[in-house]
Peer 1: 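What follows is a structure written as structure tokens; I'll ask about it next.
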Amino acid sequence: MIDTLEIITDEIRKCTLCRLCEDRTNAVPGDGSSLAKLMFIGEAPGRNEDKQGRPFVGTAGKLLTEILEEAGVSREDVFITNVVKCRPPNNRVPTNQERSSCRPYLERQIKLINPKIICILGRTAYESLLKGNSITSNRGKLIEHENRLYFLTVHPAAIIYNPKLKSLLKKDIANLINTLSKLESKNNSMEEYL
Ligand code: URA
């Protein structure tokens, strides 16, 4: 059967695979371009995202949008989603069971979009996708894993608690965009950047 982003979105909106479906207002499948070269993966929707059914639309999302725009990238040209598609109560970190129930949706989204680089936002996504633990000591790195390129950076929500991180996130995003355009312009192999 042919898979499409619309099919995945519909399934996520109706999903009852874990208990997060019980309290959600809206599931948040993710949004952006199906042709995106860049995909961003955060942790899970927060209160505003749950209300609107769209990822990264609250305070952290506005910071991310602003930093992307400063780097010359519009949200519509990338794809933004989360490890878990429904809001955990009080924004707690999603459990392993919640992450694994949601995992096939994320894998199908990655497979269909087939981005050149996946940008991991923060610890939960780092842990879930690459089994990493310290995002602060690994941020700024480009990593190859199972034939995909991942770029690591801090979660934009971290800036709310530690404003000094804003310049780091800006720097990382600028590097990420730069790496992507080099990869594209010369059609270089990923090894050159690792
Ligand atoms: N934090 C996330 O990880 N994802 C969102 O969509 C919003 C806030």
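Every number for a ligand or one of its atoms is a count from 1 in the order of the listing. Sequence positions, counted from 1, serve as the residue numbers for this chain. Small disclaimer: the values here were computed from a predicted structure and weren't measured.
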Peer 1: Heavy-atom contacts under 4.0 Å between E43 and ligand 1: side chain, backbone, both, or neither?
Peer 2: both

Peer 1: Is E127 paired with R99 through a side-chain N to carboxylate O contact shorter than 4.0 Å?
Peer 2: yes

Peer 1: Quick one: are V78 and M39 in side-chain contact, heavy atoms under 4.5 Å?
Peer 2: no

Peer 1: Under 4.0 angstrom from ligand 1, any heavy atom of R54?
Peer 2: no

Peer 1: Counting non-hydrogen protein atoms only, what is the nearest one to atom 4 (N) of ligand 1? Give residue, atom name and distance.
Peer 2: N82 OD1, 2.7 Å

Peer 1: Salt bridge or not for K111 and E107, using N-O below 4.0 Å?
Peer 2: no

Peer 1: Strictly under 4.0 Å, does any heavy atom of A44 approach an atom of ligand 1?
Peer 2: yes

Peer 1: For G42, counting its heavy atoms only, list the atoms of ligand 1 lying under 4.0 Å from any of them.
Peer 2: 3 (O)

Peer 1: What is the minimum heavy-atom distance between C102 and V83, and which atoms define it?
Peer 2: CB-O, 3.5 Å

Peer 1: For a quick check under 3.5 Å, do N138 and K141 share a side-chain donor-acceptor pair by atom type?
Peer 2: yes

Peer 1: Polar-atom distance check: F56 versus ligand 1, any N or O pair below 3.5 Å?
Peer 2: yes

Peer 1: Report, in ascending order of atom number, the atoms of ligand 1 lying under 4.0 Å from any heavy atom of H155.
Peer 2: 1 (N), 2 (C), 3 (O)

Peer 1: Does the side chain of E76 pick up a donor-acceptor pair with the side chain of S74 at under 3.5 Å?
Peer 2: yes

